[in-house]
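We're numbering straight along the sequence, starting at 1.
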Amino acid sequence: TQQWQKEIEEYKVILTFNPNDLNANHRVGHVYFRQKNYADAREYLEKAFTADPSLSDCLIPLGVSSYFLGDYIAAEQYLLKSLEKNSDAHEPQFYLGLIYKSKRNYETAIGMFKNAKKDGNFFIKSLYNLGEIYAGDDMYDDAIKTLEEGLGKIQGKDEESLAYRYLLAECYEGANKITEA
């Protein structure tokens, strides 16, 4: 019913009597994750996952929550475990791409972003990150080719769209295509 607050309150009543209740920790953690409350999501999901490591649906939320909390080591571990369960999952590949990009492990990051872009939710963000990697290595033609893939999908003048267009213009300039820039 997506009445998140009511669901959290009901499960927290259970947790006051039994703080280690597996189902309550699992559900509350997932609700917090959907609400982008990453600190609380990680707390509850870690309790559930520690109690029952077969709860593989905790891995991606734990990895993403850890990423947003700046715990990149834990994020990488959870996300890699999630890929062991489902190697085609795009969300963990996107966040692993971000982690590897920050480590300057560009070859691995490029592979992750190329896979993640197959999912519409990560298409533009993956292309943007690929464009940044290519531009940083002065591979402007590759950056242009990659960024042009997404031009039809970006709309409006929000911050993400403007940053995307600006990066593409910088790449045109770097490739001496001043008219296109």
Inset, instruction - Identify whether NZ of Lys or CZ of Arg in Lys103 sits under 6.0 Å from the centre of the six-membered ring of Tyr100 and within 45° of that ring's axis. - result: no

Inset, instruction - Please check if the side chain of Gln35 supplies one atom and the backbone of Ala41 the other of a donor-acceptor pair under 3.5 Å. - result: no

Inset, instruction - Go through the side-chain N and O atoms of Asp142 and Tyr140 and say whether any donor and acceptor fall under 3.5 Å apart. - result: no

Legend entry - Separation of Leu96 CG from Tyr67 OH (nearest 0.5 Å): 10.5 Å

Legend entry - Pairwise distance CG(Asn115) to CZ(Phe122) - rounded to 0.5 angstrom: 13.0 Å

Legend entry - For Lys101, the option from Asn129, Leu130, Ile110 that meets side chain to side chain contact (heavy atoms under 4.5 Å, CB included): Asn129

Inset, instruction - Give the minimum heavy-atom separation between Ser126 and Phe94, together with the two atoms involved. - result: OG-CD1, 3.5 Å

Inset, instruction - Heavy atoms only: give me the nearest Lys157-Leu162 pair and the separation to one decimal. - result: O-CD1, 3.4 Å

Legend entry - Point-to-point distance, once rounded to the nearest 0.5 Å, from CG of Asn37 to OH of Tyr32: 6.0 Å

Inset, instruction - Report yes or no: do Val28 and Leu69 belong to one cluster of Ile/Leu/Val/Met/Phe/Trp/Tyr joined by side chain heavy-atom distances under 4.5 Å? - result: no

Inset, instruction - Classify the side-chain pair Glu148/Tyr172 by whether it contains a donor and acceptor separated by less than 3.5 Å. - result: yes

Inset, instruction - Consider only side-chain N and O atoms of Asn20 and Lys47, and report whether a donor and an acceptor are under 3.5 Å apart. - result: no

Inset, instruction - State whether the number of non-hydrogen atoms from other residues, nucleotides or ligands found under 6.0 Å of Ile178 atom CD1 is greater than 12. - result: yes

Inset, instruction - Just do the side chain to side chain donor-acceptor pair (under 3.5 Å) check on Glu132 and Tyr128 with the steps written out, would you? - result: CA-CA 6 Å; Glu132 280 191 324; Tyr128 181 82; 3.2 Å; yes

Inset, instruction - To the nearest 0.5 Å, tell me how far Lys145 NZ sits from Asp141 CG. - result: 10.0 Å

Legend entry - Heavy-atom pair of closest approach, residues Ala175 and Ile144: CB-CD1, 3.9 Å

Inset, instruction - Taking atom types as modelled, find out whether Arg104 and Tyr106 have a side-chain donor-acceptor pair closer than 3.5 angstrom. - result: yes

Inset, instruction - State, yes or no, whether a side-chain contact exists between Glu170 and Glu173 at a heavy-atom distance under 4.5 Å. - result: no

Inset, instruction - Specify the closest pair of heavy atoms between Gly131 and Leu167, including all atoms of both residues, with the distance to one decimal. - result: C-CD2, 3.9 Å

Legend entry - Under 3.5 Å donor-acceptor, Asn25 side chain and Pro19 backbone: yes

Legend entry - Worked verdict on Arg42 versus Asp71 for side chain to side chain contact (heavy atoms under 4.5 Å, CB included): CA-CA 11 Å; Arg42 185 166 87 165; Asp71 186 354; 3.1 Å; yes

Inset, instruction - May I ask you to test the Lys117-Lys125 pair for a side-chain heavy-atom distance under 4.5 Å? - result: no

Legend entry - Rounded distance (nearest 0.5 Å) linking atom CG of Asp88 with atom NZ of Lys118: 7.5 Å

Inset, instruction - Using a 4.5 Å cut-off on heavy atoms from C-beta on, say whether the side chain of Leu83 contacts that of Leu59. - result: no

Inset, instruction - Group every Ile, Leu, Val, Met, Phe, Trp and Tyr by side-chain heavy-atom contacts under 4.5 Å, then state whether Val64 and Val31 land in the same group. - result: no

Legend entry - Leu55 side chain reached by Asp52 side chain, heavy atoms, under 4.5 Å: yes

Legend entry - Main-chain N/O of Met139 paired with Asp137 side-chain donor or acceptor, under 3.5 Å: no

Inset, instruction - Would you indicate whether the side-chain heavy atoms of Asp119 and Glu91 approach each other to under 4.5 Å? - result: no

Inset, instruction - Rounded to the nearest 0.5 Å, what's the gap from CG on Asp40 to CZ on Phe33? Could you check? - result: 13.5 Å

Legend entry - Closest non-hydrogen atom pair between Tyr134 and Lys114, with its separation: OH-CE, 3.6 Å

Inset, instruction - Please name the pair of heavy atoms, one in Tyr164 and one in Ile154, separated by the smallest distance, quoted to 0.1 Å. - result: CD2-CD1, 3.4 Å

Inset, instruction - Check the side chains of Asp57 and His26 for a donor-acceptor pair under 3.5 angstrom, ignoring hydrogens and angles. - result: yes

Inset, instruction - For the residue pair Ile99 and Leu79, establish whether any side-chain heavy-atom pair is separated by less than 4.5 Å. - result: yes

Legend entry - Any donor-acceptor N/O pair, Ser66 side chain to Leu62 backbone, under 3.5 Å: yes

Legend entry - Exercise: do Asn105 and Thr108 side chains pair donor with acceptor under 3.5 Å: yes

Legend entry - Aromatic ring pairing Tyr78/Phe49, orientation class (parallel under 30°, perpendicular over 60°, tilted between): perpendicular

Inset, instruction - Assess whether side chain to side chain donor-acceptor pair (under 3.5 Å) is satisfied between Ser161 and Asp158, documenting all intermediate values. - result: CA-CA 5 Å; Ser161 298; Asp158 62 357; 2.5 Å; yes

Inset, instruction - Determine whether His30 and Tyr44 make a side-chain contact, defined as any pair of heavy atoms from C-beta on separated by less than 4.5 Å. - result: no

Inset, instruction - May I ask you to decide if Ala75's main-chain N or O and Tyr95's side chain share a donor-acceptor pair within less than 3.5 Å? - result: no

